[in-house]
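Below: one structure, written as structure tokens.
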Amino acid sequence: MAGHSKFKNIMHRKGAQDKKRSAQFSKLSREITVAAKMGMPDPDMNPRLRAAVNAAKAQSMPKDNIQRAIDKASKGDGENYEEVRYEGYGPGGVAIIVEALTDNRNRTATNVRTAFAKNGGNLGASGAVSHGFERLGLIEYPGKVGDEEKVLEAAIEAGADDVESDLGDGDENPGSHQIWVAVENLHEVARELEKTLGEAEGVKLAWKPSLKTEVSADDATTLLKLIDVLDDDDDVQTVWGNYEIPDEVMEKLG
């Protein structure tokens with residue numbers, strides 16, 4: 001259990017997502033509908049749906065929107081989405097995994113391939129980079145729930161495997177805690193953590209890189225553009241990478 005490693009720039013940037021609230025709501029709704037179709041339409045009986053609803057609440061998505069997305073599934077309304085994963089390399093040889101929910105595989109594949117090609121990367125075959133990641137459960141909390149020691153202690157008690165904390169530098173950047181667990185223990189650990197830390201900001205399946213690649217200042221600009229373009233695609237749900245951008249580079253990019 002490591003409690004002091006910094007978690008920087010592994011997932012898509014939250015700041016960019018905050019500026020795209022309506023697009024984010026659309027993606028959250030899609031995940032809720034898919035989760036409800038795959039299991040029971042009751043979050044208490046469907047772990048994936050519970051995670052999707054929690055993620056929507058964390059983004060301040062209105063209750064009516066959440067319920068509509070669940071109702072779509074139970075009524076059999078809307079498109080049939082399928083889960084697709086793309087793998088490739090970004091600038092500087094960074095490994096990237098893109099997860100999508102789509103009703104048109106050809107459209108999504110074309111968009112993702114174009115995004116890579118126009119922003120210093122190239123799309124690989126299935127399995128091209130995922131061998132360098134672990135498939136784990138990820139529980140996220142904002143930095144304000146407590147210091148590293150408090151969160152680490154709660155995580156150990158709940159049965160988590162690892163904690164990475166980045167406590168930020170003030171109100172505008174309060175930081176966050178990422179708690180990693182085995183996939184099969186995700187929802188059990190999340191329930192235990194809720195008793196001591198409250199409701200999590202996110203409970204999801206994630207790709208954790210085994211090794212991180214430090215990105216140069218030259219490559220960082222292009223890499224972040226690639227991630228933004230992928231994030232902007234309606235079909236793309238999440239973008240994971242093994243990149244780490246040094247603090248001094250991020251400050252220059254500002």
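Excluded from the calculations below are hydrogen atoms, water molecules and symmetry mates; all remaining heavy atoms, backbone and side chain alike, are included. Along the sequence shown, residues are numbered consecutively beginning with 1.
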- Note on the structure: Note: G90 and L226 closest approach over all heavy atoms is CA-CD2, 4.1 Å

- Item | Charged N-O contact under 4.0 Å between D235 and R107 | yes

- For R68, enumerate each residue passing the salt bridge (charged side-chain N to carboxylate O under 4.0 Å, His left out) test, keeping only those at least two apart in sequence or located in another chain. none

- W180 and E134: side chain donor to acceptor below 3.5 Å: no

- V181 side chain near L136 side chain, heavy-atom distance below 4.5 Å: no

- Drop me the distance from Y81's OH to K37's NZ, to the nearest 0.5 angstrom. 8.5 Å

- Query: Under the 3.5 angstrom rule, does the side chain of H177 hit a backbone N or O of G146 as a donor-acceptor pair?
  - Reply: yes

- Message: Quick check against the 3.5 Å criterion: does K57 have a side-chain atom that pairs as donor or acceptor with the backbone of E201?
- Response: no

- Query: Heavy atoms, side chains only, cut-off 4.5 Å: are V151 and Y141 in contact?
  - Reply: no

- Query: So how far is it from L205 CG to L186 CG, rounded to the nearest 0.5 Å?
  - Reply: 6.0 Å

- Item | Residue pair L49, I32: steps toward the side chain to side chain contact (heavy atoms under 4.5 Å, CB included) verdict | CA-CA 6 Å; L49 178 57; I32 290 169; 3.7 Å; yes

- Expected output: side-chain N46 to main-chain A35 donor-acceptor under 3.5 Å: yes

- Verify, without hydrogens or angle tests, whether T196 (side chain) and L193 (backbone) share a donor-acceptor contact under 3.5 angstrom. yes

- Ionic contact status for K212 with E214, cut-off 4.0 Å: no

- What residue among D234, D233, D232 forms side chain to side chain donor-acceptor pair (under 3.5 Å) with N111? D233

- Supply the atom-to-atom distance E164 CD to L152 CG, rounded to the nearest 0.5 angstrom. 12.0 Å

- Task: Could you tell me the separation between the CD atom of E192 and the CG atom of L197, rounded to the nearest 0.5 Å?
- Result: 11.5 Å

- Query: Between E153 and K150, is the closest basic N to carboxylate O distance under 4.0 Å?
  - Reply: no

- Item | Worked verdict on E99 versus R135 for salt bridge (Lys or Arg N to Asp or Glu O under 4.0 Å) | CA-CA 13 Å; E99 293 179 310; R135 189 61 160 162; 3.2 Å; yes

- Query: Is any side-chain heavy atom of L223 closer than 4.5 Å to a side-chain heavy atom of Y243?
  - Reply: yes

- Query: Quick one: does I96's side chain get under 4.5 Å of V129's, heavy atoms only?
  - Reply: no

- Query: Donor-acceptor pair, K144 side chain versus S176 backbone, under 3.5 Å?
  - Reply: no

- Roughly how far, to the nearest 0.5 Å, is CD1 of I245 from OG1 of T213? 11.5 Å

- Query: Counting distance only, does the side-chain N/O of Q237 pair as donor-acceptor with the main-chain N or O of L101 below 3.5 Å?
  - Reply: no

- Message: Main chain of A69, side chain of T33: is a donor-acceptor contact present, judged purely on distance under 3.5 Å?
- Response: yes

- Message: Just so I know, are the side chains of W207 and T238 near enough to count as touching, which here means a heavy-atom distance under 4.5 Å?
- Response: no

- Task: Before giving the answer on side chain to side chain contact (heavy atoms under 4.5 Å, CB included), spell out for N122 and F116 the whole-Å C-alpha distance, their side-chain angles and the decisive distance to 0.1 Å.
- Result: CA-CA 5 Å; N122 60 284; F116 273 88; 5.6 Å; no

- Task: Applying side chain to side chain contact (heavy atoms under 4.5 Å, CB included), run through Y86 and L123 and close with a yes or a no.
- Result: CA-CA 7 Å; Y86 302 96; L123 194 60; 3.9 Å; yes

- Check: V163 and S165 side chains under 4.5 Å, non-hydrogen atoms: yes

- Query: What are the two closest heavy atoms between F133 and N242, and how far apart are they?
  - Reply: CZ-N, 3.9 Å

- Query: When rounded to the nearest 0.5 angstrom, what distance separates CZ in R105 from CG in D103?
  - Reply: 12.0 Å

- Message: Is any side-chain heavy atom of V249 closer than 4.5 Å to one of V215?
- Response: no

- Task: If a pair satisfies side-chain hydrogen bond (donor to acceptor under 3.5 Å, both in side chains) and one of its residues is in residues 47-56, list it, with sequence neighbours excluded.
- Result: E31-R48, R48-E83, R50-E194

- How about T108 and V84: do any of their side-chain heavy atoms sit closer than 4.5 Å? no

- Identify the two heavy atoms, one from R85 and one from S130, that lie closest to each other, and give their separation to 0.1 Å. NH2-OG, 3.9 Å

- Between P62 and F25, which heavy-atom pair has the shortest distance, and what is it? CD-CE2, 3.7 Å

- Query: Which residues, ordered by chain and number, are linked to L211 in its hydrophobic cluster, where ILVMFWY side chains connect at heavy-atom gaps below 4.5 Å, directly or through other members?
  - Reply: none

- Item | Shortest non-hydrogen contact from R30 toward T102 | NH1-CA, 4.4 Å

- Nearest heavy-atom approach of L230 to V236 is O-CB, 3.3 Å

- Message: Is there a path of hydrophobic side-chain contacts, each under 4.5 Å between heavy atoms, that joins I139 and I156?
- Response: yes

